[in-house]
There are 2 protein chains.
Amino acid sequence: MERGGGLGGRDHARGVSRGCLRGRFPIMMPRMKTLDPMDRKILIALQRNADIALEDLGAMVGLSRNAVWRRVKALEAAGVIRSRVALLDPDRLGLGLTVFMMIRTDRHAPDWLARFAEATRDMPEILGAYRMSGDLDYLIRARVADVKAYDALYQRLVARVELADVSASFVMEEMKETTELPL
Amino acid sequence: MERGGGLGGRDHARGVSRGCLRGRFPIMMPRMKTLDPMDRKILIALQRNADIALEDLGAMVGLSRNAVWRRVKALEAAGVIRSRVALLDPDRLGLGLTVFMMIRTDRHAPDWLARFAEATRDMPEILGAYRMSGDLDYLIRARVADVKAYDALYQRLVARVELADVSASFVMEEMKETTELPL
DNA sequence: TCTGAAATACTGTCCCA
DNA sequence: TGGGACAGTATTTCAGA
């Protein structure tokens with residue numbers, strides 16, 4: 001009689017009561033039908049504001065609260081909806097400076113790359129780290145308080161992994177910054 | 001010019017207006033006391049997972065459900081918590097390619113900049129647009145399906161605003177990508 | 001299969017000590 | 001601040017197209 005009730009934690013065993021297990025798919029990944037227009041609308045709404053009530057979301061896309069709920073759960077299970085997070089205001093938290101670090105290197109040994117990847121993962125100021133095509137090898141996107149804080153970040157990074165050519169570009173004006181994917 | 005940022009939270013605006021959510025003027029709403037360790041813990045938890053129940057969040061930071069609720073509301077009112085959103089998986093949505101566009105220009109007239117800003121805001125593939133310091137003038141971060149889709153994006157952009165020198169760098173490997181600010 | 005409506009359990013919100 | 005009462009919401013169950 002216990003009720004789980006956790007969000008996103010428990011999966012509801014399906015098909016056990018009926019006894020008809022198709023067993024076609026590995027349990028891991030519930031198949032995702034191609035996104036129909038309804039799913040698209042739901043995703044568009046949720047990636048703009050995940051606080052919305054199912055009732056309102058349903059009204060928005062023209063579905064009952066219940067149908068929407070089932071679709072959302074399916075999208076979560078399929079991994080399309082990865083998480084729900086709170087977006088904070090960097091300026092109000094004293095993180096007024098966005099900096100991009102353009103990195104060129106001749107070190108291409110797997111060991112070097114592993115250390116670099118680990119270092120960027122460990123440093124919370126680094127929001128994004130990318131291996132690039134073209135003449136630029138790596139690009140880092142970071143948030144810090146000011147130029148001084150950037151220098152500290154830079155020092156910590158080069159202390160962990162050898163970087164030959166690093167050039168920093170500071171963001172003067174953030175004209176756009178969103179997590180909303182084009183759907 | 002009084003746009004009280006913040007997230008609505010309670011009232012669900014009927015017509016979803018496409019307004020700009022970003023007022024970065026120091027219009028402090030209810031005065032925010034300096035973040036005490038409790039607030040920090042709450043923010044850290046919420047920017048990692050906003051799905052958590054107040055009960056559990058309280059247990060996590062060592063406060064009652066109620067006290068946590070009050071703090072969260074205060075942080076929202078102060079604009080520290082800007083919104084809650086769903087994070088989607090780009091790959092599962094057919095957006096497998098991240099591209100950075102490095103832009104240099106000699107056009108520095110306010111009119112040009114206004115058109116550029118408007119164009120980037122209108123194009124949903126563009127996730128970030130930044131005016132930079134240094135020899136690089138502007139940087140754009142975008143998500144598209146593939147190189148062909150990038151070219152379409154590029155064509156649409158240059159059709160709207162004159163761009164002399166644009167060089168694209170494609171992301172081969174996304175080593176890190178997070179919305180969690182360092183707290 | 002899919003849907004919507006009602007019933008239930010839980011969680012956010014408010015009031016009071 | 002914490003405890004409890006209330007209201008609103010998510011989740012389950014059930015019946016129907």
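Each chain gets a letter, A, B and so on, in the order the sequences are listed, and its residues count up from 1. Nothing here was measured: the structure is a model prediction, and the numbers come from that model.
Donor-acceptor pairing under 3.5 Å, judged by distance alone, is absent between the side chain of D56(A) and the base of dT9(D). At a cut-off of 3.5 angstrom, counting only N and O atoms as typed in the model, there is no donor on one side facing an acceptor on the other between the side-chain of N66(B) and the base of dG12(C).
In this structure, L181(A) is a member of the same hydrophobic cluster as V80(A), with clusters built from ILVMFWY side-chain heavy atoms closer than 4.5 Å.
What separates CD1 of I52(B) from P of dT11(C) is a distance of 11 Å, to the nearest Å. Protein atom CG of D51(B) is 14 Å distant from nucleotide atom C1' of dG12(C), rounded to whole Å. Residue R65(A) contributes atom CZ, which lies 9 Å from atom P of dA5(C) at whole-angstrom precision. The interatomic distance linking R70(B) (CZ) with dG2(D) (P) rounds to 8 Å, in whole Å. The NZ-P distance, from K73(A) to dT3(C), rounds to 17 Å in whole Å.
The side chain of L54(A) approaches dT11(D) more closely than any other nucleotide in the set dT1(D), dT11(D), dG4(D). Out of dG2(D), dG4(C), dA5(D), the shortest distance to the side chain of L63(A) is found at dG4(C). For A53(A), counting side-chain heavy atoms from C-beta on, the closest listed nucleotide (dT9(D), dG4(C), dT3(C)) is dT9(D).
Residue pairs meeting the ring-ring contact (aromatic ring centres under 6.0 Å, His included) criterion with at least one partner in residues 39-78 of chain B, sequence neighbours excluded, are absent.
The side chain of W69(B) contributes no N or O atom lying less than 4.0 Å from OP1 or OP2 of dG12(C).
Between R82(B) and E177(A), none of the side-chain N atoms (NZ, or NE/NH1/NH2) sits under 4.0 Å from a carboxylate O, so this pair counts as no salt bridge.
By the 4.5 Å heavy-atom criterion applied to side chains, L139(A) and M102(A) are counted as neighbours. You'll find the side chain of R160(A) reaches within 4.5 Å of the side chain of E118(A), heavy atoms only.
With hydrogens and angles disregarded, no donor-acceptor distance shorter than 3.5 Å links the side chain of S83(B) to the backbone of V85(B).
In this view, Y130(A) and F100(B) satisfy the ring-ring contact (aromatic ring centres under 6.0 Å, His included) rule, not counting sequence neighbours.
Across the helix from dT1(C)-dA17(D) to dA17(C)-dT1(D), the helix axis at one end is tilted relative to the axis at the other end by 20° (nearest 10 degrees, each axis from five pairs).
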